[in-house]
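One structure is given below, encoded as structure tokens.
Numbers for residues simply follow the sequence, beginning at 1. Because the structure is a prediction, the values reported are computed rather than measured.
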Amino acid sequence: MNTTLDVLIIGAGPIGIACALEAKKKNLTYLIVEKGVLVNSLYNYPTNMTFFSTSEKLEIDDIPFISSNAKPNKKEALEYYRRIVSSNKLNVNLFEKVEMVETKINLYNVTTDKNKYQAKQIIISTGFYDIPNYLNVPGEDLPKVFHYYDDPHYFSEQDVVIVGASNSAVDAALEIYRKGGRVTMIIRGENIGDRVKYWVKPDIVNRIEEGSIKAYYHSEIKEILKDKVVISTKEGKEISLKNDFVVALTGYQPNFDFLKNIGIQLSTDGLKKPAYNPETMESNLKGIYLAGVICGGKETHKWFIENSRIHAKMIIKDIIAKQS
């Protein structure tokens, strides 16, 4: 591409799409570059996932999201965001990974695995779903270990350890149990997570109390072996559990190396929050903006579709103001 873009958007998730819609409305030249499929993170969510938010809170650019239920599911969300892109004829390059962003006088050179671009401004909206928080224990590299969960049928009639107590871990535990899996949860804290969906939490608590799902609290996996796992408890005991599969749903984190390589400053408090102006979403680098969940660093629960939709208007407003 020989022309210079006004805006290059990295990431075709809901917030990246919202940024493209806003750029198009303001007659800016733009392009979204996405390393995977459209709304890649949503596509990789579990098959039966239901959102915490109601459909109107997932809407972007005031485009109605019609769902058959109060809280939409993954299939409905994929359809919604795909139709927005197609009906608005947004400029999106899928399966194209950004490899390098370099500064040139008042411009940025962006190199992907397929092309090179020049842009006056860049919006980074890459989410956080690509890099799991690993357990860092022996045996984690065995093929029986999963850091992503899709469909419960795969685990039917198997001894399955679920690591974690968040929404994703609880959903997986309940679904696998109901498809005939023998489920044991390994939970670092003293209880199920506080942010677990309010209509799901009583279900998992009841299943644990009645013994349908086994739970070890204040516990961690120490080692994963071919046919068992070894866990350590708060009392210092080691327990060996018969096991076919481990589903480690301990959360994910943004690609911090990508941000650092560009030159974006990260906080040194362990949370790695990227520097940005909360009024404009511009990072410490002039002309590079952050949008969506990536703004939270390791606190990935702080930003989500519902409360980061506003980033698109904030960013494009600032870009337009600088042009005038």
Side-chain angles (χ1 to χ4, degrees), residues 11-18 21 34 36-88 90 92 94 125-130 132 146-156 160 162 164-181 183 185 192-207 213 247 249-252 292-293 300-309:
I15 308 306
I17 292 170
L21 285 168
E34 165 61 55
V37 303
L38 197 65
V39 286
N40 192 66
S41 292
L42 295 187
Y43 178 78
N44 286 299
Y45 282 176
T47 297
N48 301 319
M49 190 274 291
T50 298
F51 283 88
F52 188 93
S53 301
T54 53
S55 58
E56 71 273 9
K57 293 181 179 180
L58 300 175
E59 294 174 353
I60 55 177
D61 201 39
D62 297 321
I63 299 170
F65 184 167
I66 307 302
S67 170
S68 58
N69 302 295
K71 299 177 185 298
N73 57 38
K74 169 186 171 179
K75 183 178 179 180
E76 290 173 319
L78 291 178
E79 179 70 15
Y80 173 70
Y81 295 115
R82 184 176 67 246
R83 289 296 298 272
I84 287 177
V85 170
S86 60
S87 62
N88 288 278
L90 297 183
V92 184
L94 301 175
S125 183
T126 49
F128 72 102
Y129 204 56
D130 296 320
F146 294 80
H147 292 94
Y148 294 89
Y149 165 74
D150 182 21
D151 188 273
H153 178 81
Y154 188 89
F155 303 101
S156 178
V160 183
I162 306 290
S166 63
N167 276 299
S168 56
V170 167
D171 285 345
L174 289 169
E175 288 185 0
I176 292 171
Y177 155 68
R178 292 198 163 98
K179 295 299 181 183
V183 177
M185 300 183 73
I192 296 298
D194 292 335
R195 292 190 296 272
V196 169
K197 290 171 280 196
Y198 66 84
W199 66 92
V200 174
K201 194 167 186 176
D203 191 2
I204 188 66
V205 169
N206 288 336
R207 301 294 75 72
I213 293 174
V247 183
L249 300 175
T250 51
Y252 307 90
V293 71
T300 54
H301 62 281
K302 290 292 182 69
W303 290 103
F304 35 91
I305 299 171
E306 180 178 328
N307 68 352
S308 58
R309 297 175 296 175

**Complete:** M185 and I204 have their tightest heavy-atom pair at SD-CD1, 3.8 Å

**Prompt:** Can you check whether V37 reaches L94 side chain to side chain, under 4.5 Å on heavy atoms?
**Reply:** no

**Prompt:** So do Y81 and V85 actually touch side chain to side chain, heavy atoms under 4.5 Å?
**Reply:** no

**Asked** Out of curiosity, E34 CD to I17 CD1, how far, rounded to the nearest 0.5 Å?
**Response** 9.0 Å

**Request:** Tell me, please, which residues at least two apart from I63 pass side chain to side chain contact (heavy atoms under 4.5 Å, CB included).
**Result:** L21, D61, Y80, I84, N88

**Asked** For atom NZ of K57, is the number of surrounding heavy atoms from other residues, nucleotides or ligands below 6.0 Å larger than 12?
**Response** no

**Item:** Point-to-point distance, once rounded to the nearest 0.5 Å, from CG of N307 to OG of S53
**Value:** 8.5 Å

**Message:** Test side chain to side chain contact (heavy atoms under 4.5 Å, CB included) on N167 and M49; report intermediate values, then the result.
**Reply:** CA-CA 10 Å; N167 276 299; M49 190 274 291; over 6 Å; no

**pair R309-E59: side-chain heavy atoms closer than 4.5 Å** = yes

**Prompt:** What's the verdict on side chain to side chain contact (heavy atoms under 4.5 Å, CB included) for L58 and F51, showing C-alpha distance, side-chain angles and the deciding distance?
**Reply:** CA-CA 9 Å; L58 300 175; F51 283 88; 3.7 Å; yes

**Complete:** Closest non-hydrogen contact found for A173 with V183 is O-CG2, 3.7 Å

**Complete:** Closest non-hydrogen contact found for A165 with A169 is N-CB, 3.8 Å

**Asked** Taking the six-membered ring for Trp, is the centroid-to-centroid distance between Y129 and Y45 below 6.0 Å?
**Response** yes

**Prompt:** If you measure from OG on S308 to NZ on K302, what distance do you get to the nearest 0.5 Å?
**Reply:** 14.0 Å

**Request:** Examine distances only and state if a side-chain atom of E76 and a backbone atom of N73 form a donor-acceptor pair shorter than 3.5 Å.
**Result:** yes

**Message:** Looking at R195, I want to see if its CZ is surrounded by more than 12 non-hydrogen atoms of other residues, nucleotides or ligands under 6.0 Å.
**Reply:** no

**Request:** Give, for atom OG of S156 and atom CD1 of I176, the distance between the pair rounded to the nearest 0.5 Å.
**Result:** 10.0 Å

**Prompt:** Do the non-hydrogen side-chain atoms of Y149 and Y154 ever get within less than 4.5 Å of each other?
**Reply:** no

**Request:** State, to 0.1 Å, how close I15 and G292 come at their nearest heavy-atom pair, and which atoms those are.
**Result:** CG2-N, 4.0 Å

**Request:** Apply side chain to side chain contact (heavy atoms under 4.5 Å, CB included) to E56 and F65, showing your working.
**Result:** CA-CA 6 Å; E56 71 273 9; F65 184 167; over 6 Å; no

**Asked** When you look at T50 and D171, which way does the side chain to side chain contact (heavy atoms under 4.5 Å, CB included) test go after all the steps?
**Response** CA-CA 10 Å; T50 298; D171 285 345; over 6 Å; no

**Student check: side-chain heavy atoms of I66 and S55 closer than 4.5 Å** = no

**Asked** Cation-pi between K74 and Y43: NZ/CZ under 6.0 Å from ring centre and within 45° of the ring axis?
**Response** yes

**Prompt:** When rounded to the nearest 0.5 angstrom, what is the spacing between CD1 in I213 and CD1 in I162?
**Reply:** 8.5 Å

**Request:** Would you indicate whether R82, at its atom CZ, is surrounded by more than 12 heavy atoms from other residues, nucleotides or ligands within a distance under 6.0 Å?
**Result:** yes

**Item:** Whether over 12 other heavy atoms sit under 6.0 Å from H153 NE2
**Value:** no

**Prompt:** Do you know the tightest heavy-atom contact between F52 and K71?
**Reply:** O-NZ, 3.0 Å

**Prompt:** Hey, does P152 have a side-chain heavy atom less than 4.5 Å from the side chain of N48?
**Reply:** yes

**Fill in**
Looking only at heavy atoms, the pair that brings L249 and S166 closest together is O-OG, 4.0 Å

**Asked** Within a strict 4.5 Å, meaning less than it, do heavy atoms of the T47 and K75 side chains meet?
**Response** no

**Complete:** Rounded to the nearest 0.5 Å, the CZ atom of F128 sits from the OG1 atom of T126 at a distance of 11.5 Å

**Prompt:** So F146 and F155, would you call those rings parallel, tilted or perpendicular, with 30° and 60° as cut-offs?
**Reply:** perpendicular

**Asked** Would you say the side chain of D203 lies within less than 4.5 Å of the side chain of L174, judging by non-hydrogen atoms?
**Response** yes

